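For reference, the structure is listed below as structure tokens.
For clarity, every value in this text was computed on a predicted model and none was experimentally measured. Numbering of ligands and ligand atoms starts at 1, following listing order.
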Amino acid sequence: MLIFLNLFIIFCMFVIGTLFGSFFSLATYRIPRHQDIIATRSYCTSCKHKLAFFDLIPVLSYLIRGGKCKYCGEKISIRYFLLEVCNGIVFVMFYLIFGYNLKLLSVCLVYAILFVIIGAQVMKSKMTDEEKNEIKKNNKKGVFISELIVALIIFTIFMASAFILTRNYNRNINKMIARSNAISLAVYNMEIALATDYDSLFSKTTTDNIDNIDYSVTTSVTKYSDEDFEKEDLVKKIDVQVDYMFNGENLSFDLKSLKGKVL
Ligand SMILES: [Zn+2]
């Protein structure tokens with residue numbers, strides 16, 4: 001079950017990454033040209049035809065159209081496709097390295113900011129003289145800071161909403177992982193208690209830290225009843241309790257067993 005949920009997050013991260021890649025293409029192309037990056041719909045750079053919603057699906061649209069513009073048949077640079085795919089992979093890698101938390105959000109944001117700033121400069125250097133002259137005619141110089149800021153604000157909103165939408169979902173997954181770790185610890189300590197000889201009775205508390213969560217494991221081995229011991233029908237009661245804290249909530253997992261022999 002957990003592996004499927006994890007694969008689902010990886011898939012979502014890939015999709016978010018490709019969406020970002022698609023947006024990076026747009027932003028780095030338009031910013032040096034002083035074009036609006038929000039209101040103006042995406043268009044084919046050769047025939048200027050506005051693209052419909054289905055033409056804008058990252059990765060898939062490119063594959064379905066065989067890398068050609070639906071309207072003029074002009075070849076679309078594979079750079080767009082590769083950027084989307086690579087970006088999807090980068091986002092998945094960030095998730096695998098940092099986990100799903102605020103660190104991931106900051107890393108993705110820093111990455112997005114650097115990408116737009118450097119990408120816009122690279123795209124600016126690739127502009128044709130004709131394009132440069134047109135900008136000069138319109139009396140615009142260099143990269144507009146306001147355009148960069150708009151791009152960054154959009155990234156921030158985009159990232160933050162993606163994270164807010166999936167935060168609860170992810171918290172539940174982490175809670176399940178924490179519980180499964182608690183169960184593993186309980187079973188492990190139970191096995192040890194079961195392997196000890198019949199006569200030893202004890203109670204001890206050990207601590208363990210898994211994935212930054214502190215687990216306190218209390219193992220107690222007591223007599224099942226005095227009567228049983230007198231009859232030499234030795235029965236021990238083994239109780240393992242694992243206490244841990246998850247998101248400010250005190251949780252515990254209890255495992256009980258009996259071990260006995262009839263002489
Ligand atoms: Zn076209």
Scan the side chains in residues 15-27 for donor-acceptor partners under 3.5 Å anywhere in the protein, sequence neighbours excluded, and list what turns up.
unit_1, atom_1, unit_2, atom_2, d
T18, OG1, V15, O, 2.7
S25, OG, G21, O, 3.3

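- Side-chain contact, Q241 with D239: no donor N or O sits under 3.5 Å from an acceptor N or O.
- Taking 2.8 Å as the limit, the number of protein N, O or S atoms around the Zn ion (ligand 1) is 4.
- At least one side-chain heavy atom of R30 sits under 4.5 Å from a side-chain heavy atom of S42.
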All N/O donor-acceptor pairs, side-chain side in residues 102-116, below 3.5 Å, sequence neighbours left out:
unit_1, atom_1, unit_2, atom_2, d
S106, OG, L102, O, 2.7
S106, OG, K103, O, 3.4
Y111, OH, N87, OD1, 2.6

Would you mind writing out the side-chain donor-acceptor pairs for residues 55-73 within the sub-3.5 Å range, not counting sequence neighbours?
unit_1, atom_1, unit_2, atom_2, d
D55, OD1, R65, NH2, 3.2
D55, OD1, K70, NZ, 3.3
D55, OD2, A52, N, 2.9
D55, OD2, Y71, OH, 2.7
S61, OG, F54, O, 2.8
S61, OG, D55, O, 3.4
S61, OG, I57, N, 2.9
S61, OG, I57, O, 3.0
Y62, OH, I76, O, 3.4

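- The local environment of OH in Y43 is crowded, with over 12 non-hydrogen atoms from other residues, nucleotides or ligands closer than 6.0 Å.
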